[in-house]
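Each chain gets a letter, A, B and so on, in the order the sequences are listed, and its residues count up from 1.
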There are 2 protein chains.
Amino acid sequence: MAGRITAVSIVDAIAADLRSRIFSGELGSGHTLTETDVASSYEVARPTAKASIEKLVAEGLLDRGTHKTARVVELGPDSVRDIYLARAYLESEVLRRLARTRDVPEAAVQANRDIAALQTGAPLDVIEPDMRFHTSLIDAVGNERISRMYRSLVGEVRLCMVRIQSLHLLDTALIQAEHQKILELIEAGRGDAAAELLDEHLGRARERLVAAMGGIAGPEAGARSELLPE
Amino acid sequence: MAGRITAVSIVDAIAADLRSRIFSGELGSGHTLTETDVASSYEVARPTAKASIEKLVAEGLLDRGTHKTARVVELGPDSVRDIYLARAYLESEVLRRLARTRDVPEAAVQANRDIAALQTGAPLDVIEPDMRFHTSLIDAVGNERISRMYRSLVGEVRLCMVRIQSLHLLDTALIQAEHQKILELIEAGRGDAAAELLDEHLGRARERLVAAMGGIAGPEAGARSELLPE
DNA sequence: CGCCCTTCGATTGTCTAACAAGTACACATG
DNA sequence: CATGTGTACTTGTTAGACAATCGAAGGGCG
């Protein structure tokens, strides 16, 4: 298998590019995306741009009402709590299940090694391997629905992350150590303990996000900063 | 609030109609839906029909690859296990949470009353209040993400149901009694017991579905019956 | 006679152009 | 100041068209 080729449609390609631009922070919360703008900037027809936008709306990354311009969703503290609670629901059950068969997924081990390796560099770099750690745990149970649901949450989590410029809030070493401990608990068959530690792990991250969002910027900060360049 | 007015777009209206036709069994598993067919039968333009189809694909009710006609998804025993496991993950955590505050949602009580009331009539009639019972429990925690995820599962559950013509497999009285017991356990604050009973409740339903699907018809039965009218 | 290749119909992906309908904001009016 | 009007911008929907692709039918060849 020599690097599986994938012919993505134009709609998918544009959606993917917009998504990565949202995750990179280039398109911040509240940023508006009109169909014509997207169409002209990618040099495609408006229906194509429209379809891309609707794809991201379905993913929960964009928000829009009928006859209104789409905009990058603005997540408030309440949304963060919802998202992290949903994560905890899914992931703690997954940990219990993995512990029952003492199945430590290799991909998760590798992801955590990657986190340990990058202790220098930009703080944003920890996001990708961190997400990969958690998703590989989820994927390990081989339940397509659960993986799909978790992935939609991951998208929103990343949206939270870019809202917080000051990502030095995240203690890379602590994250890595807790991941390691979770893996060890799975291997020891102690599912309940693993789930409990995960709850702490996610709970701490959530509270830091909420505190940072509440203290530094309200949910409408993105829209406000959008007014300046005009 | 006098009956909130909602102006649905044509795309949404068609998607809703197709969805109900799928749930009613009129469009069985494997049934093909070409864009032109949908467009002409609803007398709309093809792009409109296309958008409706893509909406249902995103919901997981239809399945299609690039350049291939959409068809109603065919769920095998493995999918049923995945779906019911995912349901159990979400719902058991929700029960624990509701029990913590001893919060018995009125909507769930009403739904179970409705089940008790219809002990006569067609076996399909139990599906709607049964689903309503479970979704009102989920909605009671007020977490938009979890509600959204559960709703996508409910769609697939209903898809399972219509595959099983012989719904007399379902014992209405038993369902109603177990629901009642779950509500009582929530009120008593015994979350773990409620979650355990729910696991049994869902597990039994799942095993009956799997047995019925495996014994009566394989995953490709829908496609086979599709050949006959030709 | 069976298999491979070509061809063709059907279907989807995408585009252009256009009109209808709705929203938002500025403006004028009372 | 509140209200209504109007205009510009944006989206919803349609029509028709062409290219690309898939699936199957048919013909040529071993």
| query | Any salt bridge between A:Arg97 and A:Glu91, counting N to O under 4.0 Å? | reply | no

| field | Distance, rounded to the nearest Å, where B:Ile10 contributes CD1 and D:dT11 contributes P | value | 18 Å

| task | Using a 4.5 Å cut-off on heavy atoms from C-beta on, say whether the side chain of A:Met161 contacts that of A:Phe23. | result | no

Polar atom pairs (N or O), protein with nucleotides 20-23 of chain D, under 3.5 Å:
none

| task | Identify whether any heavy atom of A:Arg64 sits under 4.0 Å from a base atom; if not, whether one sits that close to sugar-phosphate; answer base, sugar-phosphate or nothing. | result | sugar-phosphate

Mind listing the side-chain donor-acceptor pairs of residues 50-57 of chain A below 3.5 Å, one per line with the distance, residues two or more places apart or on another chain?
residue	atom	partner	partner atom	Å
A:Lys50	NZ	A:Glu35	OE2	3.4
A:Ser52	OG	A:Val11	O	3.2
A:Ser52	OG	A:Thr48	O	3.2
A:Lys55	NZ	A:Asp12	OD1	3.3

| Integer-rounded Å distance: C:dG13 P and A:Lys55 NZ | 11 Å

| task | Round to a whole Å and report the spacing from CG of A:Asp12 to C1' of C:dG13. | result | 11 Å

| message | Let me spell it out: for each of A:Pro47 and A:Ala70, pick the nucleotide of DNA chain D with the closest heavy atom. Which residue's pick is nearer the 5' end? | response | A:Ala70

| Does some side-chain heavy atom of B:Glu59 sit less than 4.5 Å from a side-chain heavy atom of B:Arg19? | yes

| query | Side chains of A:Tyr42 and A:Asp17: do they bring a donor and an acceptor to under 3.5 Å? | reply | yes

| request: Please confirm whether the backbone N or O of B:Arg71 pairs with a side-chain atom of B:Asp63, one donor and one acceptor, at under 3.5 Å? | output: no

| Can you tell if the side chain of A:Leu85 reaches within under 4.5 Å of the side chain of B:Glu93, non-hydrogen atoms only? | no

| field | Heavy-atom donor-acceptor pair, B:Arg46 side-chain to D:dG16 base, under 3.5 Å | value | no

| message | Is it the case that the side chain of A:Ser29 and the backbone of A:Val73 share a donor-acceptor pair, with hydrogens and angles ignored and the cut-off at 3.5 Å? | response | yes

| query | Going by number, which of residues 33-45 of chain B have a non-hydrogen atom under 4.0 Å from DNA chain D? | reply | B:Val44, B:Ala45

| field | NZ/NE/NH1/NH2 to OD/OE distance under 4.0 Å, B:Arg113 and B:Glu106 | value | yes

| request: Measure from the side chain of A:Thr69, starting at C-beta and using heavy atoms only, and say which of C:dT14, D:dT13, D:dT10 lies closest. | output: D:dT10

| request: Mind calculating the distance between CZ (B:Arg71) and C1' (C:dT12) to the nearest angstrom? | output: 15 Å

